[in-house]
Peer 1: 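Structure provided below as structure tokens; questions to follow.
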Amino acid sequence: MSRDSARGYCQYNICRGERNYSCFSSPDFYSSLGLEDFLSVGDTSGAEEDTDLAILYGTLRGSVVGLRYYTGIVNNNEMVALQREPNNPYDKNAVKVNNVNGDQVGHIKKELAAALAGIMDNKLALIEGVVPYGAKNAFTMPVQMSFWGREENKEAVLDQLKRHGFKLAPPLKVGSECGFGSKWISGRAGPSYSAPVHAAVQLTTEQLKSEFDKLFEDLKEDDKTCEMEGAEAVGTPLLPHQKQALAWMVSRENSNDLPPFWEERSNFYYNILTNFAEKKRPKNVLGGILADDMGLGKTLTTIALILTNFQDSKPLPVEKITSDKFYEKYSDDGPRATLIVCPLSVLSNWIDQFEQHIHQDFRVNIYVYYGSDRSKDPSVLSEQDIVLTTYNILATDYGVSDSPLHKVRWLRIVLDEGHTIRNPNAQQTKAALNLEGHRRWVLTGTPIQNSVKDLWSLISFLKLKPFTDREWWHRTIQRPVTMGAPGGLGRLQSLIRSITLRRTKTSKVKGKPILELPERKVLIQHVTLTEEERQIYQSVKKEGKAAISRFFSEGTVLAHYADILGVLLRLRQLCCHPHLCINASSSFSADNKTSEELPETLVSKMKLVLSSGSDEECAVCLESLTLPVITRCAHVFCKPCIFEVIRSEQPNAKCPLCRNELRVEHLVECPLEEEIDSSNGKKSDREWISSSKINALMHALVELRRDNPTAKCLVVSQFTTFLSLIENPLKESGFAFTRLDGSMAQKKRVEAIHCFQSSQAGSPTVMLLSLKAGGVGLNLTAASRVFLMDPAWNPAAEDQCFDRCHRLGQEHNVVITKFIVKDSVEENMLKIQNKKRELAAGAFATKKPSASEVKQTKINEIKALIDL
DNA sequence: ACCGCCGGGTGCC
DNA sequence: ACCGCCGGGTGCC
């Protein structure tokens with residue numbers, strides 16, 4: 001794919017001269033989103049993975065032999081790794097001993113190896129070694145081994161050892177694994193420690209989480225307060241905290257410091273965690289984790305970094321269009337291109353932000369590596385300034401021999417929403433770890449999702465020695481922290497501190513809050529239906545209520561979940577406009593075959609409910625659905641959530657809501673907001689009529705235009721057909737408007753956003769927005785008014801939508817109007833929303849509700865919604 | 001002496 | 001390895 005054809009594609013760029021964009025989109029990409037990623041979530045393959053449950057069985061002294069045949073050296077008290085070598089021609093029981101660097105030191109003596117082989121092969125225990133002394137020995141050296149495993153395997157391990165004449169010493173006096181820098185009891189070295197390791201108090205996930213929050217809190221007051229101006233090509237002035245971040249990132253990239261936990265000691269570099277030493281200076285990562293809260297401008301800061309620090313704080317040499325002179329080309333054929341990997345949902349945000357923040361006088365070459373016709377030529381990518389791609393493309397390409405992503409040596413690699421790679425077994429994680437480039441960055445607002453485990457992939461991506469190998473990460477950081485070993489958390493903290501910058505929305509720069517957002521007000525405007533509308537509404541309600549009460553008396557509420565949602569959906573639609581409810585009578589067939597409906601029928605009903613824009617939530621994670629799938633019993637969950645349920649309950653998984661059989665093969669995927677307009681798009685067939693809600697909206701819009709002709713607003717609905725109906729009066733009243741919904745192609749979206757954000761005269765003042773369109777990054781700060789046409793189940797979804805204009809860059813107070821029909825399901829929804837808000841506010845301390853609690857909540861909600 | 005003892009050769013798994 | 005072990009050389013006092 002040549003750059004020229006790429007350029008031709010980017011219509012929206014024409015006003016910006018010759019900046020190169022290339023962007024492709026193709027639906028075939030979605031089909032590559034396989035199940036493997038979810039099936040491997042939390043992979044547990046015996047002792048090695050299930051490390052949280054491991055206890056220390058005991059210790060044993062053995063010997064390492066054959067030192068003179070290998071180059072690997074160890075220090076006294078240095079950790080070593082034991083590795084099975086089943087294909088050794090001399091002994092099938094062979095066990096290799098490697099140092100921290102992975103160099104072989106020797107073998108475990110054969111009699112002992114014979115005892116260990118079975119234990120290791122059956123993953124009955126994890127065996128870890130430390131060489132207490134004898135580092136200078138020429139032929140053999142001692143090794144102190146600790147045996148870790150799950151309680152239930154302990155007997156088997158002890159038996160196996162006994163059969164070979166070995167016996168574990170009790171796990172009492174252990175220092176080095178959990179204490180900080182302490183030593184093994186070796187008869188001649190170190191103080192003795194009596195911490196009973198297996199009895200250490202394990203922190204709960206909650207406790208850990210709050211510890212981590214503190215851990216990041218402490219970072220704020222750090223010395224990372226130096227500021228730096230962006231290069232000329234950065235078109236947006238940076239805020240003080242962004243200048244701080246830029247200064248920090250630049251200093252990280254140009255840093256010559258040793259990585260954390262390394263010290264220089266007379267010609268050697270010494271790792272204080274593992275006691276490993278080597279002559280070669282260990283590389284520090286020229287990067288780190290930018291963990292600022294959402295909305296603080298990580299994207300802008302990253303763009304500034306790319307433009308400002310090409311080499312040694314010199315800016316990226318880019319052509320200045322308005323002058324004859326080119327930037328001085330650095331005579332260096334080193335890597336030039338920065339690779340940015342992000343989730344698909346924020347791809348357009350990046351493009352938009354380039355557009356916004358790169359000064360228009362400069363030409364920066366940007367290539368969007370996405371779509372089936374993406375270039376296979378590495379040199380096309382390496383010649384760019386910036387290459388943008390998604391995690392899924394990265395994963396799909398991984399292992400494909402001609403993938404240019406993995407051939408190019410990048411100047412810099414940036415993983416946006418970096419927590420996406422927290423599962424070490426996922427394809428995208430493996431693919432990310434294999435990218436080539438010295439400057440490596442992770443952007444994330446949530447560095448720790450569930451546990452310390454989540455951090456390993458990130459740290460590994462940053463290539464910090466020795467943590468790229470999971471064993472060393474586990475022994476020196478993860479286990480000490482989760483077992484509550486003294487110093488463990490402190491160790492993690494100093495690691496994080498040295499590579500992370502995190503500020504929250506409440507952080508301060510020089511005593512002033514980082515973000516001073518304008519005020520945000522939410523008004524509720526009640527709407528009264530006309531007599532005619534009310535009649536239709538009441539008749540549908542009466543019929544639905546009767547059916548639902550019958551389900552209650554039969555006790556079949558959850559089996560009819562799709563039907564009930566259907567009823568509620570129609571009522572919600574009727575609150576907006578009678579035409580939304582096209583199949584008011586046809587889809588409700590409760591009369592004849594109530595309890596024995598075909599699963600296919602139920603599923604298609606649910607599909608209809610979802611694709612009409614209903615914002616259902618997942619009963620497992622309680623969040624809005626991501627990648628919704630429908631079970632055979634017609635309940636919806638996020639795909640990752642339900643796969644986790646199936647995995648953990650196999651082989652007989654049951655639906656969390658109704659306990660019906662649950663099988664992967666029966667799950668039906670359901671894209672939200674499918675081409676609704678094409679299926680429901682018979683709008684021209686019917687004569688257009690208004691509705692009470694539309695009247696209320698138009699009245700407000702006209703009033704707004706009269707008072708402030710340039711004010712921009714968002715008109716938000718969950719129903720894209722409703723948005724289409726609103727187009728009509730907008731046209732009639734002469735509003736310039738644009739539209740953004742989930743069914744639009746990438747390039748159309750970008751165009752719509754760009755148009756709307758423009759301050760040019762004649763640019764649209766109204767945007768019709770579907771509630772869930774666009775990802776978190778969607779920036780619609782041009783709007784200062786929001787009209788929410790219909791309430792969502794989940795108040796968080798509404799808030800997220802409001803945040804698209806109430807965020808960094810908003811200069812006006814934001815007023816949000818929610819239209820709520822009086823005496824309707826909408827009013828009941830408001831009540832439920834309030835309850836949820838209260839719950840969420842106090843939720844951090846409380847545990848996750850059980851499946852039955854979720855069920856009961858759902859049932860109560862249904863009752864409340866239909867006035868039962 | 002089908003032993004003991006000596007001293008050289010040798011050395012992971 | 002300044003060990004252990006092996007196997008050849010050797011053989012009263």
Side-chain angles (χ1 to χ4, degrees), chain A residues 45-48 56-149 153 156-169 176-177 183-190 268 271 274-280 466 468-472 474-475:
Chain A
S45 51
E48 184 152 356
L56 180 58
Y57 298 155
T59 65
L60 182 66
R61 179 68 63 84
S63 43
V64 188
V65 297
L67 303 186
R68 66 162 152 161
Y69 300 98
Y70 306 99
T71 52
I73 52 163
V74 290
N75 289 296
N76 289 346
N77 295 309
E78 183 175 329
M79 295 180 175
V80 287
L82 272 58
Q83 186 192 7
R84 277 282 285 128
E85 194 185 16
N87 294 325
N88 187 301
Y90 303 96
D91 182 1
K92 61 178 173 29
N93 293 325
V95 177
K96 287 208 289 184
V97 177
N98 302 334
N99 70 7
V100 177
N101 212 27
D103 302 322
Q104 184 169 359
V105 177
H107 277 106
I108 292 292
K109 208 169 158 50
K110 62 175 178 298
E111 295 79 9
L112 181 55
L116 301 188
I119 295 173
M120 296 175 79
D121 293 343
N122 297 318
K123 295 188 193 298
L124 294 175
L126 209 65
I127 307 172
E128 298 179 346
V130 171
V131 171
Y133 58 89
K136 295 206 163 69
N137 293 2
F139 305 101
T140 68
M141 54 173 54
V143 59
Q144 185 75 21
M145 291 168 293
S146 348
F147 291 67
W148 297 83
N153 293 333
V157 171
L158 295 182
D159 265 16
Q160 163 87 354
L161 288 169
K162 198 173 180 182
R163 258 181 276 139
H164 289 83
F166 297 102
K167 188 168 180 274
L168 292 187
S176 155
E177 296 293 294
K183 298 184 169 54
W184 285 98
I185 315 312
S186 62
R188 67 182 189 108
F268 275 98
N271 184 282
T274 58
N275 297 320
F276 175 76
E278 62 182 336
K279 269 236 152 51
K280 219 180 75 197
T468 40
D469 185 324
R470 202 125 66 111
E471 174 169 354
W472 309 119
H474 185 239
R475 285 175 68 171

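Below, chains carry the letters A, B, ... as their sequence lines are ordered, and counting in each starts from 1.
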Peer 1: Any N or O donor-acceptor pair under 3.5 Å from the base of B:dC13 to the side chain of A:Asn88?
Peer 2: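 When only heavy-atom distances are counted, A:Asn88 does reach the base of B:dC13 through a donor-acceptor pair under 3.5 Å.
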Peer 1: For the side chain of A:Arg84 and the backbone of A:Lys92, is there at least one donor-acceptor N/O pair under 3.5 Å apart?
Peer 2: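 Answer holds: yes.
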Peer 1: Quote, to the nearest angstrom, the C1' distance that separates C:dA1 from C:dC6.
Peer 2: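 Looking at atom C1' only, C:dA1 and C:dC6 are 15 Å apart.
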Peer 1: Take the protein atom NZ of A:Lys136 and the nucleotide atom P of C:dC2, then report the distance between them rounded to whole Å.
Peer 2: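 Spelled out: NZ on A:Lys136 to P on C:dC2 is 20 Å.
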Peer 1: Please produce a list of atom pairs where a protein N or O lies less than 3.5 Å from an N or O of nucleotides 8-11 of chain B.
Peer 2:
none

Peer 1: Output the rounded distance in Å from CG (A:Leu116) to C1' (B:dC13).
Peer 2: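 My rounded result for the distance is 13 Å.
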Peer 1: So does A:Tyr70 reach the base of B:dC12 with its side chain, donor to acceptor, closer than 3.5 Å?
Peer 2: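 Such a pair is found, so the answer is yes.
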Peer 1: Using Watson-Crick or G-U wobble geometry with both distances under 3.5 Å, which nucleotide pairs with B:dG9?
Peer 2: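 In the structure as shown, B:dG9 has C:dC5 as its Watson-Crick or wobble partner.
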Peer 1: When rounded to the nearest Å, what value does the distance between P atoms of B:dG9 and B:dC13 take?
Peer 2: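 My reading of the P atoms in B:dG9 and B:dC13 gives 23 Å.
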Peer 1: How long is the line joining CG of A:Asn93 and P of B:dC12, in whole Å?
Peer 2: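 So the CG-P distance, A:Asn93 to B:dC12, works out to 17 Å.
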Peer 1: To the nearest Å, how far apart are A:Lys96 NZ and B:dC13 C1'?
Peer 2: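 My rounded result for the distance is 11 Å.
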Peer 1: Using modelled atom types only, decide if a donor and an acceptor are shared between the side chain of A:Asn137 and the backbone of A:Thr140 within a distance under 3.5 Å.
Peer 2: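 Confirmed, A:Asn137 side chain pairs with A:Thr140 backbone.
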Peer 1: Is there a donor-acceptor pair closer than 3.5 Å between any side-chain N or O of A:Gln104 and the backbone N or O of A:Gly72?
Peer 2: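 No: the side chain of A:Gln104 does not pair with the backbone of A:Gly72.
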Peer 1: Reckon A:Lys109 touches a base, only the sugar-phosphate, or nothing at all at heavy-atom distances under 4.0 Å?
Peer 2: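 Touches sugar-phosphate only.
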Peer 1: Take atom CD of A:Gln83 and atom P of B:dC13, then tell me their distance rounded to the nearest Å.
Peer 2: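 My rounded result for the distance is 17 Å.
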Peer 1: Distance check needed: B:dC13 C1' versus A:Arg84 CZ, whole Å only.
Peer 2: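 After rounding, the gap between these two atoms is 11 Å.
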Peer 1: Taking all atoms of both residues into account, what is the closest heavy-atom pair of A:Asn99 and A:Phe276, and its distance?
Peer 2: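 Scanning both residues, the minimum pair turns out to be ND2-CE1, 3.6 Å.
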Peer 1: Which ring-ring contact (aromatic ring centres under 6.0 Å, His included) pairs, counting each pair once, include a residue from residues 90-119 of chain A, with sequence neighbours left out?
Peer 2: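 As it turns out, the ring-ring contact (aromatic ring centres under 6.0 Å, His included) pairs with a partner in residues 90-119 of chain A, which skip direct neighbours, are A:Tyr70-A:His107.
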Peer 1: Tell me the interatomic distance from A:Met141, atom CE, to B:dC12, atom C1', rounded to whole angstroms.
Peer 2: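 After rounding, the gap between these two atoms is 13 Å.
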Peer 1: Rounding to a whole Å, what distance do you find between A:Lys92:NZ and B:dC13:C1'?
Peer 2: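 About 13 Å, once rounded to whole Å.
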Peer 1: Please check if the side chain of A:Asn93 supplies one atom and the backbone of A:Ala113 the other of a donor-acceptor pair under 3.5 Å.
Peer 2: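 Judged by distance alone, no pair lies under 3.5 Å.
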Peer 1: Contact class for A:Ile108 (heavy atom, under 4.0 Å): base, sugar-phosphate, or nothing?
Peer 2: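 The answer is sugar-phosphate, as A:Ile108 gets under 4.0 Å only of primed atoms, P, OP1 or OP2.
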Peer 1: Looking only at atom types and distance, does a side-chain atom of A:Asn101 sit under 3.5 Å from a main-chain N or O of A:Asp103, one as donor and one as acceptor?
Peer 2: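 No; zero donor-acceptor contacts below 3.5 Å.
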